[in-house]
Amino acid sequence: MGLATRIIPCLDVDEGRVVKGVKFVDIRDAGDPVAVAKRYDQQMADEITFLDITASSSARDTMIDVVREVAAEVFIPLTVGGGIREIDDIHRLLLAGADKVSINTAAIVRPDLVTEASQYFGAQCIVVAIDAKRCGNHWEVFTHGGRKTTGIDAREWSVEMARRGAGEILLTSMDRDGTKDGFDLELTRTISDAVPIPVIASGGVGTLEHLAQGVLTGGADAVLAASIFHFGEYTIREAKTHMSERGIEVNL
Amino acid sequence: MHRIVVVDLGTGNLHSVAKAFEKVAPCAEVEVTSDLLRLEKADRVVLPGQGAIGSWFKALDERQLRNPVLSVLSSKPVLGICVGMQALFNRSEEDGGCEGLGLFDGEVHRFCRSVDRRPQLKVPHMGWNNVRQSSDHPVWRGIPQDSRFYFVHSYYALATESSSVAATSDYGGEFVSAIARANIFAVQFHPEKSHEQGLKLLENFVCWDGDA
């Protein structure tokens, strides 16, 4: 009984199509965001996150249509990240049916965006995404997929973002992302202890035990993963069963 | 045919509320509007809300909807969601203190983020939590006791009249997650985001005649 730890599958979307090889054998069109989201909904995902990786700004509106279509069929919370620059971008996504937006680079370029967005729409729909990489004895905030450092300390940045009204931190370890070696638990614990808002751990999940460790050792309030779910290695339900066996409260 | 109006106060994601009703009541006419005439013609009304309660009341007054909404609250089946539930109480401590509509006795408080607490109580309360039904209301029909629903809020309600409490939940202590009286049913969680049980609740609301 009580609040359950959330398990969140993340989908990369490019010009309206799911990419990075989602391979559900029984879905005819694995690139269709609606079909994939429905599958995760059936598996009892607690939320779904879409990351818009569309490079051309002219194709950006496609994401609005994707959100609208998914929101008409899937009745769990939807978060959308990628390419959000201003208040109007957020407004359009929320109107289309997104419940939260995830802001990354724009928060670094103009931190006031987080303050304004939180005041305008409420902290509950503002997620700040932080890409962190270990530098000596601390972690720094990186941009451009981990290629460029900002020189900002990740712990200080997460505290600052919470103070400005972020409702949640999506924390990705750029050292672990794509490695399948598990979350950076030390990073996760550091940030989770530093902020009064929920922290979603991301980056590096290769096994179900990694998910459990993110919560038990890292202190994460939610765990996000992509490839272990997309390739059909594990279902969300299997992940929840494992976490439950490890004594974690889940929504099964 | 049912005419359902989702009151549009310009905040949050109302698309999902409307879509969820279209899903459970395909024959119903679902409108997201702040138009007075539409509100009058509706046979049931949804009072949603996200964000700060001060902005919610400001939007209500800017659209001159306070009296029409009060009138609806005394006459038609109404479903309050999130801030749409909190607004029904006497008072909220959000936004430096804010008077509510006063239809239910009780107050709305902020979850306490105590730094000394381990593990820390994270605010907002965000995610799937159990809902313990404390009344046998038609809107709960077919929904198992202690089912989980999706919550996202930083303020919670405490009612002073226990007869109006339809459900409670626990997050660092017990709070009111649903209230009901006569034609009003209101919930702190988001049924439109709560998967099967959430849709079931909305379906029950559509079928409910407004008698508790």
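Since the structure is predicted, the reported quantities are computational estimates derived from the model, not experimental observations.
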Rounded to the nearest 0.5 Å, what's the gap from OG on Ser16(B) to CZ on Arg68(A)? Could you check? 11.5 Å
Checking Lys193(B) side chain against Ile76(A) main chain: does a donor-acceptor pair fall under 3.5 Å? yes
Decide if atom CG of Asp112(A) counts as having more than 12 heavy atoms of other residues, nucleotides or ligands within a radius under 6.0 Å. yes
Under 4.5 Å from any heavy atom of chain A - which part of Ala52(B): neither
Spacing of Glu192(B) atom CD and Phe75(A) atom CZ [to the nearest 0.5 Å]: 9.5 Å
Trp128(B) side-chain N/O to Asp46(A) backbone N/O, donor-acceptor pair under 3.5 Å: yes
Under 3.5 Å, is there a donor-acceptor pair between the side chain of Asn130(B) and the main chain of Gly2(A)? yes
Here the gap from Cys82(B) atom SG to Gln124(A) atom CD, rounded to the nearest 0.5 Å, amounts to 7.0 Å
Heavy-atom closest pair (Pro198(A) atom, Pro124(B) atom, distance to 0.1 Å) is CG-O, 3.7 Å
Roughly how far apart are Gln50(B) CD and Asp99(A) CG, rounded to 0.5 Å? 7.0 Å
Could you tell me whether Arg155(A) atom CZ has more than 12 heavy atoms of other residues or ligands within 6.0 Å of it? no
Choice from Gln119(A), Glu168(A), Met44(A) maximising heavy atom contacts with chain B below 4.5 Å: Glu168(A)
Max heavy-atom pair count under 4.5 Å with chain B, selected residue of Gly219(A), Ala98(A), Ser118(A): Ala98(A)
Interface moiety of His125(B) toward chain A, non-hydrogen atoms closer than 4.5 Å: side chain
Please report the shortest heavy-atom distance between Lys100(A) and Met126(B), naming the atom on each side. NZ-SD, 3.2 Å
How close do Val123(B) and Ile197(A) get, heavy atom to heavy atom, and via which atoms? O-CG2, 3.2 Å
If the contact rule is any heavy atom under 4.5 Å from chain A, which residues of residues 146-155 of chain B qualify, in numerical order? Asp146(B), Arg148(B), Tyr150(B), Val152(B)
A quick test of your reading: do over 12 heavy atoms of other residues, nucleotides or ligands sit less than 6.0 Å from NZ of Lys76(B)? yes
With a cut-off of 6.0 Å (strictly less than), are more than 12 heavy atoms of other residues, nucleotides or ligands near OH of Tyr120(A)? no
Looking only at atom types and distance, does a side-chain atom of His195(B) sit under 3.5 Å from a main-chain N or O of Asp41(A), one as donor and one as acceptor? yes
Verify, without hydrogens or angle tests, whether Lys122(B) (side chain) and Ser192(A) (backbone) share a donor-acceptor contact under 3.5 angstrom. yes
Heavy-atom proximity to chain B below 4.5 Å, by part of Ala96(A): backbone
Given heavy-atom pairs under 4.5 angstrom as the criterion, report whether the side chain, backbone, both or neither of Ser194(B) touches chain A. backbone
Check each atom of Asp221(A) against the heavy atoms of chain B and say whether the ones under 4.5 Å are side chain, backbone, both or neither. side chain
